[in-house]
Protein chains: 2
Amino acid sequence: MNVTIKDVAEAAGVSPKTVSRVLNGEAYVRPSVKEVVLETINRLGYKPNMAARSLAGARSYLIGLAVDDPTWSAYAAGLQLGAIKKCRERNYHLVVEPVDTNQAESEEALMRAIAHLRLDGIILVPPLCTSDSLLDRIEAIGLPYVRVAPGQQPERSALVEIDERQAAFDLTCHLISLGHRDIGFIQGIEQHAATPLRRAGFLDAMHQAGLPVKPSRIQPGDFNFHSGLEGGEILLGDAQDRPTAIFASNDDSAMGVIAAASRLGIPVPQALSVVGFDDAPAARIVWPDITTVRQPLGDMAGAAVEILVDPRYRANMQDVAFRRVLPYEIIHRGSVGPCPT
Amino acid sequence: MNVTIKDVAEAAGVSPKTVSRVLNGEAYVRPSVKEVVLETINRLGYKPNMAARSLAGARSYLIGLAVDDPTWSAYAAGLQLGAIKKCRERNYHLVVEPVDTNQAESEEALMRAIAHLRLDGIILVPPLCTSDSLLDRIEAIGLPYVRVAPGQQPERSALVEIDERQAAFDLTCHLISLGHRDIGFIQGIEQHAATPLRRAGFLDAMHQAGLPVKPSRIQPGDFNFHSGLEGGEILLGDAQDRPTAIFASNDDSAMGVIAAASRLGIPVPQALSVVGFDDAPAARIVWPDITTVRQPLGDMAGAAVEILVDPRYRANMQDVAFRRVLPYEIIHRGSVGPCPT
DNA sequence: TATGCATATGATTGCGCTGTCATGTTGTGT
DNA sequence: ACACAACATGACAGCGCAATCATATGCATA
């Protein structure tokens, strides 16, 4: 049937264990032998059997990505792609596990999958990475995990994030620098750690500039188009008293705000500036395209994979060295203009 | 450490093999014994080890999803979610493998992953499912595969699709029934089998209604927003001679057409009707929302998984019974109106 | 030359499960 | 009552690999 390590060993004139050593990059193999083995592997087209590897060894070469995102938004997609790419590099594989935070049974299914597959590690995406009950259970079984943008309990475990608060601060400052003094804000899902951070960054910037923020200028939202539309219609509804700029907590809701403006006949960016967050693909293609904050989602997921496969992390999961804060970037596009006089 | 089948067997007072029988739903286990075993499994929290199962048995309980879609569009996301859901039901797991059709090395990586993981089956998504070289290689190793919307070589292997041509035909008829007689068309990526089928359905309907289609009314595209924008601008550029409706080959390009109309000051749907295809999430939320064809992507992927785990398919991959044509649905929304007089 | 240590390799065992086959233990028809 | 099936269970081997330990080589130092 299929080529096994034994076949390679025989063909190369060494023991299976030596082939195994070459495969796993262990020390104590003469370069000349190593070369012969590698050549034989290639010639025979040998591919190690993961099941046997994981049964005999300690690792499964499988990393989990747990996501609670029923629509599989661009955010989840960006992370997934980055994670897969890095897994390939490292000869690992990614198993995607969707979880519904609102369903206890769903968490059960995740734990079952983890045990089934003997995952080597798991990447937790908002809002899962802020669920204490889930974190507790994962810690209880000793599974290495990395949180993506948890926004809280930074000391608890490894994490990968950007400085959301600073990014929101910078973006708000940009609007202020263009003369905007009355800026509305559309929030995200409250359970996402990013939501309070982005709001805080926004408020920091406004306060630092000495600009007041009426409570009615802060509208709820849930990171999707509709909430942007609704929040936008409320913020822009009163022609006598409307903000000249709106900060939406992500790009989808920013598109909703633009749609609301368009319905009300308010030209963007001439009469209203709109900014989003995340740099979703759609933010680049809609018209006007949206000024936003680019999160390096692929890099973040890649960093998470790297942490999980790092034996040093597996040895000491409390190690503070595994807290990655990646750079963000403000992307200037067409949805922002100077404050209308 | 972890509970094994042996522990369960001892606790239940039976042999490991009997537990294995219960696990795999084999015949010849007394109901009373089965009950005791199941109770013990539950009590001990036993989770079978996939690696051991796959090493000892013939199945890996892993299904692959191969996708060539660098942006991981809504199409890929919809399929993925449906596949994962069905996998869970069946106690399988999904491993996502992105492939770049333009990179030979990428196909190599896919084949390596297949061998590594001993996949039980693989789902091929356009345009991969029309790559003869890839299909040949997969057949050569005897791996069961299902093609999603291949649009050609229907007899070659199992497939899951909708009747793209009929759907495009129906959608075009809808426009014609509203009085439109001059309809433009934006194509998709030529390598995707859906592209010629949707075009053919469109042309069929036009011809059947006795309506001419000038060559300039057919614009190229690649399923994304930009190509819709460009094609739209060309189709609508001449105010003296412009179609009253445009059929875009998917929702992204339909949004591009709407954006083009908006730039040119052409109100949709008053002066121009636009239809898309796929019923992407965005089609529902933009304004105006887009009349389109809903493909049951989740069901399609689910059906693909069901075929792959079906032992009858594994036994006879030529069986014509495994060709699934799922129903589509035309979704009427705000982007279509009667032909302006 | 003898001693030690770093380097290099192989023999053996077992991971947890399923496949095969042997062995019981009931039921059914005559 | 007997043969013979259908049913029910267990003993045992082995999947392909890595971990462990034992065993060989070199090569410098005393």
Side-chain angles (χ1 to χ4, degrees), chain A residues 1-38 40-41 44-62 91 112 114-120 311 314, chain B residues 1-38 40-41 44-62 91 112 114-120 311 314:
Chain A
M1 211 193 80
N2 239 316
V3 190
T4 75
I5 201 172
K6 226 171 141 186
D7 303 327
V8 175
E10 272 172 30
V14 297
S15 77
K17 179 67 225 190
T18 299
V19 179
S20 169
R21 283 201 180 89
V22 172
L23 246 49
N24 294 290
E26 290 173 31
Y28 301 141
V29 182
R30 271 205 321 252
S32 62
V33 173
K34 185 169 178 179
E35 200 177 318
V36 171
V37 170
L38 285 175
T40 312
I41 287 177
L44 268 52
Y46 166 70
K47 319 256 167 64
N49 178 326
M50 294 239 342
R53 247 148 97 104
S54 111
L55 184 59
R59 293 177 297 178
S60 66
Y61 296 90
L62 253 28
N91 262 302
R112 204 169 333 115
I114 291 172
H116 260 177
L117 297 166
R118 301 283 197 274
L119 293 183
D120 282 351
R314 310 179 66 75
Chain B
M1 216 193 78
N2 239 316
V3 189
T4 75
I5 201 172
K6 225 170 142 187
D7 302 329
V8 175
E10 271 173 29
V14 298
S15 77
K17 178 69 226 193
T18 299
V19 178
S20 169
R21 285 203 177 87
V22 173
L23 245 49
N24 293 291
E26 290 174 30
Y28 301 142
V29 181
R30 273 205 320 248
S32 63
V33 173
K34 185 171 178 174
E35 198 177 321
V36 171
V37 170
L38 285 175
T40 313
I41 287 176
L44 268 50
Y46 167 69
K47 320 253 167 61
N49 178 327
M50 294 239 339
R53 246 146 96 109
S54 108
L55 184 58
R59 293 177 298 178
S60 68
Y61 297 91
L62 253 27
N91 262 304
R112 205 169 332 115
I114 291 171
H116 260 177
L117 297 166
R118 301 282 196 276
L119 292 183
D120 282 351
R314 310 179 64 76

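Keep in mind that what you see is a predicted model, and the values were worked out from it rather than measured. Numbers restart at 1 for each chain; the letters A, B, ... are given by sequence-line order, proteins then strands.
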Report task. State which residue, out of A:Asn49, A:Ile41, A:Val19, fulfils the side chain to side chain contact (heavy atoms under 4.5 Å, CB included) condition with A:Ile5. Result -> A:Val19

Query raised in the report: Counting only side-chain N and O atoms of A:Ser15, is one of them less than 4.0 Å from OP1 or OP2 of C:dT9?
Result: no

Requested in this report: Spell out, as yes or no, whether a donor-acceptor pair under 3.5 Å connects the side chain of B:Arg112 to the backbone of A:Asn91.
Outcome: no

Report task. With B:Tyr46 as reference, evaluate B:Asp7, B:Thr40, B:Leu23 under the side chain to side chain contact (heavy atoms under 4.5 Å, CB included) test and give the passing residue. Result -> B:Leu23

Query raised in the report: Between A:Tyr46 (OH) and D:dG16 (P), how many Å, whole number?
Result: 10 Å

**Report entry** Separation of D:dG16 P from A:Asn24 CG (nearest whole Å)
**Finding:** 17 Å

Requested in this report: Would you mind reading off the distance between A:Arg53 atom CZ and C:dG16 atom P, rounded to a whole angstrom?
Outcome: 19 Å

Query - Interatomic distance where CG belongs to A:Leu117 and P belongs to C:dC17 [whole Å] - result: 14 Å

Query - Bend angle of the helix from C:dT1-D:dA30 to C:dT30-D:dA1, from helix axes over five pairs at each end, nearest 10° - result: 30°

Query raised in the report: In terms of heavy-atom contacts, does CD of B:Glu26 have more than 12 from other residues, nucleotides or ligands at under 6.0 Å?
Result: yes

Report summary line: Rounded to whole Å, the CD1-P distance (B:Ile5 to D:dA13) equals 18 Å

Requested in this report: Before giving the answer on side chain to side chain contact (heavy atoms under 4.5 Å, CB included), spell out for A:Arg59 and A:Asn24 the whole-Å C-alpha distance, their side-chain angles and the decisive distance to 0.1 Å.
Outcome: CA-CA 12 Å; A:Arg59 293 177 297 178; A:Asn24 294 290; 4.0 Å; yes

Query raised in the report: Heavy-atom distance under 4.5 Å between the side chains of B:Arg21 and B:Val37, does that happen here?
Result: no

Query raised in the report: Is any side-chain N or O of A:Tyr28 closer than 4.0 Å to OP1 or OP2 of C:dA8?
Result: no

Query raised in the report: Pick the nucleotide of DNA chain D nearest each of A:Ala52 and B:Arg21; which residue has the one closer to the 5' end?
Result: B:Arg21

Requested in this report: Kindly indicate whether the side chain of A:Lys6 and the base of D:dG16 share any N or O donor-acceptor pair separated by less than 3.5 Å?
Outcome: no

Query raised in the report: Want to settle it: does B:Val14 or B:Ala56 sit nearer the 5' end of DNA chain D, counting the closest nucleotide to each?
Result: B:Val14

Query raised in the report: Tell me: CD of A:Glu26 to P of D:dA19, nearest whole Å?
Result: 6 Å

Query raised in the report: Considering only heavy atoms and no angle criterion, is a donor-acceptor pair shorter than 3.5 Å present between the side chain of A:Lys17 and the base of D:dA19?
Result: yes

Query raised in the report: Please give, in whole Å, the distance from D:dC15 C1' to A:Met50 CE?
Result: 16 Å

Query - Beyond-backbone contact of A:His116 with B:Arg53, side-chain heavy atoms, under 4.5 angstrom - result: no

Query raised in the report: For C:dC17, does either OP1 or OP2 sit under 4.0 Å from a side-chain N or O belonging to B:Ser20?
Result: no

Requested in this report: With heavy atoms under 4.0 Å as the rule, sort A:Pro16 into base, sugar-phosphate or nothing.
Outcome: nothing

Query raised in the report: Over how many whole Å does the gap from B:Leu55 atom CG to D:dG14 atom P extend?
Result: 14 Å

